[in-house]
Amino acid sequence: MLIIVLVFGFNLAIAQQDNIVHSIQKGESVYQISRQYGVSVNAIFDLNPGSRDVIYAGRTLLIPNTSNSSTPTTTSQVNSNGVSNYEVQRGETKSGLSRRFGVSIAMLEQQNPHIVNMLQAGHIINVDKSITEVKRAAQPGEHIVVKGETLWGIARQNGISLAQLEAANSSQLSEFLQIGQTLIIPDKNSVTTNPDEYLVQRGDTKFELARRFNMTIAELEAKNPQIVEMLMAGHRLDVSKSAVITTITTPSDNNVETTSIETNNQTSSDGDYIEYTIQPQETLYGLSRKAGISMEDLLVLNPSLRVAVNKGDVIKMPRDPNQASTFTETTFDNSTNEIEINTSNRNAPLYANLNSESATGLYFYTPFSSQELSSPEERQNMVNADPDKQFYIDFFQGAQIAIDSAKALNLDFDVTLIKKNIAKSKLEITSTHQKNALLIPFLENASHYPVVVSNENISVIDIESNITSTDSTKVYKSIPSDEFQKIKTLNYLALQNARVIVVSNLEEAKNKTLIQSIIPDAKFLKVDNSGNFSQNALDNTLSTNKPNFVILDSEKTSVFLNSTTALMSKLSTYNVQLVLLESALLPKQNQVSDMRFRVLKLIFPSVLDPQNKKDINEFERSYDDVFGIKPSKHAILGFDITLDVLLRLSQDSSFENTVNNIVSEHPHLRFEYKKSDESNYSNTGLHLLQYNSNEGLIEID
């Protein structure tokens with residue numbers, strides 16, 4: 001036994017000498033670690049099988065030591081003079097290799113003609129930087145990129161759709177085209193002309209294709225050995241001697257990512273699961289009840305449901321719902337149902353005239369594709385690279401709850417994600433529906449927003465994006481602006497026959513001009529950077545015979561604390577109330593106790609209505625059931641705005657007509673649109689709230 005242990009330990013030591021031992025840090029992903037060491041993700045998975053599912057901070061991973069690795073036939077070298085015998089790893093692209101080796105894609109292809117049509121794992125790359133780059137002539141079926149060209153223009157020039165061009169070149173496309181890059185120009189009818197061939201599209205999987213062409217994955221790989229290692233968009237597959245269940249139609253010439261829907265009425269088994277075809281009007285909640293598992297467990301089985309529940313889609317369901325195994329401890333109370341939507345009061349006109357016969361189109365302009373949204377690993381990689389991307393994910397998760405609720409109302413609509421591309425100045429949407437809406441959340445730079453061109457009527461919904469309208473579209477700003485918040489609050493103060501005092505730690509209060517335009521006799525006081533008043537300054541400004549509204553015009557928490565401490569000390573002598581002109585200036589509760597808000601009867605504007613407790617609790621419960629966490633502000637916006645848009649699209653009248661005539665209220669937001677000019681509408685549904693020591697928050701206007 002001792003000898004066996006020693007031998008095992010010796011072999012383990014030898015194995016670890018051949019590899020690098022990496023200590024996993026908090027927040028790291030396998031993808032980040034693979035980039036750090038310049039190895040493929042799959043190479044790490046091969047050495048650490050458990051890492052495919054999850055990795056834990058504090059534990060270790062074995063990383064292939066590329067300096068020690070070799071193959072029987074090649075010895076790779078990468079230096080300042082070039083590259084010799086470099087073996088392409090799974091997942092690498094021409095764009096990535098060109099940056100890594102410091103040469104253009106054209107130079108890479110010039111010296112390695114075998115990669116022109118497609119780069120594959122196992123290809124051997126050699127580059128000599130001393131060789132002069134020769135301008136290469138395009139061969140039939142190719143296009144060499146020149147300065148100023150765009151993918152959209154190249155597709156139009158060659159009479160194909162943008163989707164076909166992107167699918168044929170997905171292995172080498174990055175965010176921007178590169179001058180000299182060689183693109184494959186697929187045959188115009190390459191998708192459907194030959195029934196025995198199929199051109200792989202972005203988002204296709206072996207499992208889906210095997211089912212579509214009535215064969216096993218093993219049979220598909222046997223006919224097409226090039227996909228054994230990896231299936232890639234642009235691969236041309238031999239699918240002969242198989243019955244095609246559905247025909248994939250080529251998307252129209254636009255840059256909208258769409259997902260084909262196939263219908264499969266046959267049920268096939270996969271271990272403990274069966275294939276189930278989603279029926280019209282089914283919801284995520286209803287499917288989870290039918291499956292006998294929680295909604296989150298159903299999403300684990302079917303990531304595509306995170307995007308939309310589409311009739312005709314084929315999903316996995318437990319073979320025996322009564323014996324369904326649970327993947328998490330999340331369970332459902334049998335008494336629960338979809339979100340109970342408030343159909344009374346101001347929402348009555350919307351629910352009274354719902355049209356479930358006509359389908360509509362709902363589009364989201366986001367930084368991710370449906371495939372990225374459906375993949376937990378890709379979502380995490382995206383957030384690791386840019387934490388602000390979590391805003392979009394939260395927003396869409398809230399939208400998903402709204403979509404499910406709208407399905408429960410028998411509304412008919414199609415959901416499409418459009419991945420934004422700052423290199424494209426025009427967004428062409430080809431819809432089969434007469435009424436459509438495009439939701440644009442949290443755009444970082446409005447100048448990157450493309451011109452929208454649609455064959456049908458489309459309403460553009462701005463969600464904190466600050467975009468402007470064009471001649472062909474109307475823009476509906478769904479969140480009351482900061483400027484409107486200030487104006488509404490100041491107008492209320494102007495009617496109160498009170499003294500208004502503005503406290504700022506700046507030489508000039510940032511809102512001084514606006515305040516003076518509405519309240520000309522307002523007094524201005526400056527405090528130091530800590531929020532302390534100079535001696536007697538506050539007493540000399542406060543009025544003894546009328547109420548005093550003190551506007552705090554500062555973002556600093558220290559100024560808020562010290563100023564409010566001084567104000568509370570004056571309450572025995574003066575009638576003082578605190579005012580904030582923007583909800584963004586309200587300190588977080590973990591920084592400042594709301595006791596100060598109650599004592600000083602704080603007045604502030606709020607986009608969200610915290611008083612609708614019943615509907616808010618119902619939404620939070622449903623969100624927690626699906627995602628296991630409480631909804632963030634961005635998830636709240638995703639739910640309320642998406643639900644409101646779907647209800648307005650489903651009226652017999654136009655979207656614009658509903659905006660002009662119907663005020664709606666959802667759990668958190670009020671939608672009261674006013675026309676600001678010929679092409680723009682703004683939501684004025686703002687709540688002016690006041691803290692009251694006895695009743696909590698009350699609405700005062």
Side-chain angles (χ1 to χ4, degrees), residues 251-252 254-261 278 280-284 304-313 338-339 341 350 354-370 373-374 392-393 395-420 427-443 452 454-463 465 467 473-476 478 634-635 637-656 658-659 664 666 669 671:
S252 59
N254 56 39
N255 57 356
V256 178
E257 177 199 341
T258 59
T259 303
S260 301
I261 298 176
I278 298 175
Q281 311 308 332
E282 286 198 294
T283 68
L284 183 63
S304 63
L305 293 178
R306 292 186 186 276
V307 179
V309 178
N310 290 320
K311 63 182 177 183
D313 277 0
E338 282 89 357
I339 292 180
I341 303 172
L350 280 178
L354 288 177
N355 182 348
S356 59
E357 302 299 323
S358 300
T360 58
L362 185 67
Y363 296 84
F364 292 88
Y365 188 66
T366 72
F368 44 69
S369 64
S370 58
L373 181 67
S374 300
Y392 293 89
I393 294 173
F395 179 88
F396 201 86
Q397 288 182 169
Q400 182 181 308
I401 304 294
I403 289 168
D404 205 39
S405 299
K407 290 280 187 182
L409 294 170
N410 294 323
L411 302 185
D412 191 4
F413 52 91
D414 293 322
V415 179
T416 303
L417 264 66
I418 304 173
K419 184 172 181 178
K420 65 183 180 183
L427 179 64
E428 292 188 85
I429 297 178
T430 302
S431 175
T432 58
H433 310 301
Q434 292 185 345
K435 290 195 290 184
N436 307 272
L438 171 64
L439 276 63
I440 305 177
F442 322 132
L443 200 64
V452 177
S454 177
N455 63 316
E456 295 288 355
N457 182 50
I458 188 162
S459 303
V460 177
I461 314 300
D462 177 309
I463 303 127
S465 291
I467 58 178
T473 59
K474 285 183 169 60
V475 172
Y476 300 85
S478 60
H634 302 95
L637 297 182
F639 175 77
D640 279 37
I641 294 171
T642 302
L643 181 59
D644 190 71
V645 168
L646 284 171
L647 292 175
R648 292 181 186 276
L649 283 176
S650 301
Q651 304 295 304
D652 287 327
S653 58
S654 68
F655 189 92
E656 185 176 13
T658 71
V659 162
S664 60
H666 298 291
L669 298 176
F671 296 94

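Below, all heavy atoms of this structure are taken into account, side chains as well, without hydrogens, waters or symmetry copies. Note that the structure is a prediction, hence the values are computed from the model and not measured.
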So do the side chains of [X] and [Y] get within less than 4.5 Å of each other, counting heavy atoms only?
{"X": "Pro441", "Y": "Phe364", "result": "no"}
{"X": "Phe671", "Y": "Ile641", "result": "yes"}
{"X": "Asn457", "Y": "Gln434", "result": "no"}
{"X": "Leu439", "Y": "Phe396", "result": "no"}
{"X": "Leu438", "Y": "Leu427", "result": "yes"}
{"X": "His433", "Y": "Asp414", "result": "yes"}
{"X": "Leu649", "Y": "Leu411", "result": "no"}

message: Less than 3.5 Å apart, any donor N or O on the side chain of Ser664 or Arg648 sitting next to an acceptor on the other?
response: yes
- prompt: In terms of side-chain heavy atoms, does Ser431 have a donor or acceptor partner in Asn436 at a distance below 3.5 Å?
  reply: yes
- prompt: Hey, mind stepping through Ile458 and Ile429 against side chain to side chain contact (heavy atoms under 4.5 Å, CB included) and telling me if it holds?
  reply: CA-CA 9 Å; Ile458 188 162; Ile429 297 178; 3.6 Å; yes
- request: Start with the C-alpha distance between His666 and Leu647, add both sets of side-chain angles, then the distance that settles side chain to side chain contact (heavy atoms under 4.5 Å, CB included), and finish with yes or no.
  value: CA-CA 11 Å; His666 298 291; Leu647 292 175; 3.7 Å; yes
message: Just to verify, what does His634 make a side-chain hydrogen bond (donor to acceptor under 3.5 Å, both in side chains) with, not counting sequence neighbours?
response: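 Applying side-chain hydrogen bond (donor to acceptor under 3.5 Å, both in side chains) to His634 gives none.
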Mind listing the closest non-hydrogen atom pair of [X] and [Y] along with its distance?
{"X": "Thr430", "Y": "Asn455", "answer": "CA-OD1, 3.2 Å"}
{"X": "Leu637", "Y": "Leu669", "answer": "CD2-CD1, 3.9 Å"}
{"X": "Tyr363", "Y": "Ile418", "answer": "CD2-CD1, 3.9 Å"}
{"X": "Ile461", "Y": "Ser478", "answer": "CG2-CB, 4.0 Å"}
{"X": "Lys420", "Y": "Pro367", "answer": "CE-CB, 3.7 Å"}

For [Y], does its backbone N or O pair with a side-chain atom of [X] as donor and acceptor, under 3.5 Å?
{"X": "Lys435", "Y": "Ser459", "answer": "no"}
{"X": "Asp412", "Y": "Glu357", "answer": "no"}
{"X": "Ser465", "Y": "Leu443", "answer": "yes"}
{"X": "Tyr392", "Y": "Phe442", "answer": "yes"}
{"X": "Gln651", "Y": "Leu350", "answer": "yes"}

- request: Begin from the C-alpha positions of Thr366 and Ile440 and carry the test side chain to side chain contact (heavy atoms under 4.5 Å, CB included) through to its verdict.
  value: CA-CA 7 Å; Thr366 72; Ile440 305 177; over 6 Å; no
- line: CD1 (Ile278) and CG (Asp313) are apart, to the nearest 0.5 Å, by 5.0 Å
- request: Enter the distance from Ile403:CD1 to Ser405:OG here, rounded to the nearest 0.5 Å.
  value: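 Spacing of CD1 (Ile403) from OG (Ser405) equals 10.0 Å.
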- request: Taking ring-ring contact (aromatic ring centres under 6.0 Å, His included) as the test, write out the residues that go with Phe413, two or more places apart.
  value: none
message: Could you go through Val460 and Tyr476, starting from their C-alpha distance and side-chain angles, then the distance that decides it, and tell me whether this counts as side chain to side chain contact (heavy atoms under 4.5 Å, CB included)?
response: CA-CA 6 Å; Val460 177; Tyr476 300 85; 5.9 Å; no
